[in-house]
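Comments concern the structure below.
Source: prediction; values computed, not measured. Naming convention: chains lettered A, B, ... in sequence-line order (proteins, then strands); numbering from 1 in each chain.
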Amino acid sequence: MGLEGEQVHQSGSGWSPVYVEENLGVMSVGFLLGSPDDAVIWRGPKKNGLIKQFLRDVDWGEVDYLIVDTPPGTSDEHLSIVQYLSATHIDGAVIVTTPQEISLQDVRKEINFCHKVKLPIIGVVENMSGFVCPKCKKESQIFPPTTGGAEKMCQNLNVSLLGKVPLDPQIGRSCDRGQSFLSEARDSPATLSYRNIIQRIQEYCEQQHSLEEKMI
Amino acid sequence: MDGPGERSTNLLGVRHILLVLSGKGGVGKSTLSTELALALRHRGHRVGILDVDLCGPSIPRMLRVQDRAVHQCDSGWVPVFVGQDRAVALMSIGFLLERPDDAVVWRGPKKNALIKQFVTDVAWGDLDFLIVDTPPGTSDEHISTVEALRPHRLLGAILVTTPQAVSVGDVRRELTFCKKTGLRVLGVVENMSGFVCPHCSECTNIFSKGGGEELAKHAGVPFLGCVPLDPQLSQSLEEGRDFIQEFPKSSAFPALAHIAQQILDTSQQSS
């Protein structure tokens, strides 16, 4: 996000997020580490403590969307986030995979985790889905969908496939430079994919919201 | 940090233990662990793989043994032996799941208990190398694994990264973990480093280039090499095939062979 080296400030109302723009704020343990070499070598209970603090003590103000990025797996961080947020409302989870079975294998577990903790699934995104050579324009499947990719898995498990994002070297570059890929590469097929996925997520959230309002 | 574990008789026959670590997920640790094991096996060595990624155990599938079961003997669990020559032994939580889609939704203490068991209670027999594949990060699994292995012949750790800054940034932290736990760094591997288009041979640096090499230089640790993106390698792993044997002309092969050679050289110096 281009925020390396930033620090978190405390005020009377809690921790202030670090703002990229007026309407985009970020909180991360990265801001609490003194040096880029510092490692967070913590066991579960200490991690849970910080997650609780992040959720309780950050003064977000009025926010339309709070996106929670998680590490891979189904462990402390995931259980804690779901538990601590259970008192409020989680719209759902977006699950990211690459096309190969090796990744889908783990994603099925993640889907089961969501079912177990009653976390609704907004849908699955298939990332790194094909690569178009910039020179000859032919497509290669670097991570081949040997078992039908996310599409087949979603069909089998009755979960939405939100979209497929192709590989684009500009994505990595933008992330490394802390720039918005969507702004830097407006014409990339990956940008189109991202935008479609975002739109579907927004539609899902808005639908849920209006359903709830009707029920009240 | 916790105190070291006790010496396990089950590890007495293991000559060298290597950890494969990374700060980031999805950079290819399991791939590298598997290919390194296969490369060492083709050099005539007896190799074991311990897969301590409890949430995402990938190695059984990569060696086409995902349908096998593990059994117990007097000295503990019997690992699954791969291939007709049984030259690769594997233990993974994948074998203990009732269904492959079952999620292991455990907090730290339960994970730690299983890892300790995995490290000490598998009847490996005589091995030249035991490769320990880990999940990404620097948490329970890593702390427990290092402490349980400490009384044994821990050769060191290989750190895997992709070339770009966001991955390298996490590997810097992984290096700190190694320093703090007194774990020797055998070297850094820069994975997914470039893609050669099979149609026109143009090389594109999909995930940037050079970050791993620069990091190794900056941190004063050996750089073991760049492994390119190779669809034949991905396909091999998907199907549980022996990439080293079947695709010696593939673009990733020379890099993987070179990494194995450097590990062999280091292990000979240590012996």
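Between chain B and the options A:Thr98, A:Thr146, A:Asp168, A:Asn112, heavy-atom pairs under 4.5 Å are most frequent for A:Thr146. When the candidates A:Val117, A:Thr147, A:Leu33 are compared by the number of heavy-atom contacts under 4.5 Å with chain B, A:Leu33 comes out ahead. Among A:Ser80, A:Gly172, A:Gly30, the residue making the largest number of heavy-atom pairs under 4.5 Å with chain B is A:Ser80. Interface summary for chain A: among B:Pro231, B:Gly108, B:Ala165, the most heavy-atom pairs under 4.5 angstrom belong to B:Ala165. Among the candidates B:Cys55, B:Gly25, B:Pro57, B:Cys200, the residue making the largest number of heavy-atom pairs closer than 4.5 Å to chain A is B:Cys55. Listed options A:Gln170, A:Arg177, A:Lys135 were ranked by heavy-atom pairs under 4.5 angstrom with chain B; first place goes to A:Lys135. Looking only at heavy-atom pairs under 4.5 Å with chain B, the residue among A:Lys138, A:Lys116, A:Arg173 that has the most is A:Lys138.
Inter-residue side-chain proximity for B:Ser208 and A:Pro169 is flagged as unmet; no heavy-atom pair is nearer than 4.5 Å. Taking 4.5 Å as the limit, every side-chain heavy atom of A:Met128 sits out of range of all side-chain heavy atoms of B:Ile206. Using a 4.5 Å heavy-atom threshold, the side chains of B:Asn112 and A:Arg43 count as touching. Residues B:Phe195 and A:Cys133 are not in side-chain contact: their nearest non-hydrogen atoms beyond the backbone lie 4.5 Å or more apart.
Of the possible donor and acceptor atoms, one in the side chain of A:Thr74 sits under 3.5 Å from a partner among the backbone N and O of B:Val104. For A:Ser75 (side chain) and B:Trp106 (main-chain N/O), a donor-acceptor pair under 3.5 Å exists by modelled atom type. A donor-acceptor pair under 3.5 Å links the side-chain atoms of B:Ser234 to the main chain of A:Ile142, judged by distance alone. Without hydrogens or angle criteria, A:Lys109 side chain to B:Pro100 main chain gives a donor-acceptor distance under 3.5 Å. One N or O on the side chain of A:Asp176 and one on the backbone of B:Val166 form a donor-acceptor pair closer than 3.5 Å.
For A:Pro71, no part lies under 4.5 angstrom from a heavy atom of chain B. Neither the backbone nor the side chain of B:Leu233 comes within contact range of chain A, judged by heavy atoms closer than 4.5 Å. For B:Asp102, the part lying under 4.5 angstrom from a heavy atom of chain A is the backbone only. With a 4.5 angstrom heavy-atom cutoff, A:Leu167 touches chain B only via side-chain atoms. No part of A:Ile111 comes within reach of chain B, as not one of its non-hydrogen atoms sits under 4.5 angstrom from that chain. Only the side chain of A:Lys47 comes within less than 4.5 Å of a heavy atom in chain B; its backbone stays farther off. Interface remark: A:Gln141 contributes backbone atoms only to the contact with chain B (heavy atom separation under 4.5 Å). Within the 4.5 angstrom heavy-atom criterion, no atom of B:Leu175 approaches chain A. Residue contact with chain B, scored on non-hydrogen atoms closer than 4.5 Å, involves the backbone and the side chain of A:Asp76 alike.
Going from atom CZ of A:Phe113 over to atom CG of B:Asp101 covers 15.5 Å, rounded to the nearest 0.5 Å. To the nearest 0.5 angstrom, B:Ile143 atom CD1 is 11.5 Å from A:Trp42 atom CH2. Put simply, CD1 on A:Ile171 and CZ on B:Phe207 are 8.5 Å apart, with the number rounded to the nearest 0.5 Å.
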Problem - Candidate pair B:Val105 and A:His78, rule side-chain contact (heavy atoms from CB on, under 4.5 Å), full reasoning - result: CA-CA 9 Å; B:Val105 187; A:His78 312 86; over 6 Å; no
Practice task
Decide side-chain contact (heavy atoms from CB on, under 4.5 Å) for B:His199 and A:Ser140; before the verdict, give the C-alpha distance in whole Å, the side-chain angles of both, and the deciding distance to 0.1 Å.
Solution key: CA-CA 9 Å; B:His199 307 285; A:Ser140 295; 3.9 Å; yes
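For the pairing with A:Asp37, the side chain to side chain donor-acceptor pair (under 3.5 Å) check across B:Arg173, B:Lys179, B:Arg172 returns one residue only, B:Arg172.
Surrounding CD of B:Glu214 are at most 12 heavy atoms belonging to other residues, nucleotides or ligands under 6.0 Å away. For CD of A:Gln7, the number of neighbouring non-hydrogen atoms (other residues, nucleotides, ligands) closer than 6.0 Å is 12 at most. Counting non-hydrogen atoms of neighbouring residues, nucleotides and ligands closer than 6.0 angstrom, the CD atom of A:Gln53 exceeds 12 such neighbours. Crowding of A:Arg56 atom CZ: a count of heavy atoms from other residues, nucleotides or ligands under 6.0 Å exceeding 12. Within a 6.0 Å radius of CD in A:Glu151, no more than 12 heavy atoms belonging to other residues, nucleotides or ligands are found.
Across A:Glu101 and B:Glu238, no two heavy atoms sit closer than the pair N-OE1, 2.7 Å. Among all heavy-atom pairs drawn from B:Asp140 and A:Gly44, the shortest one is OD2-N, 2.8 Å.
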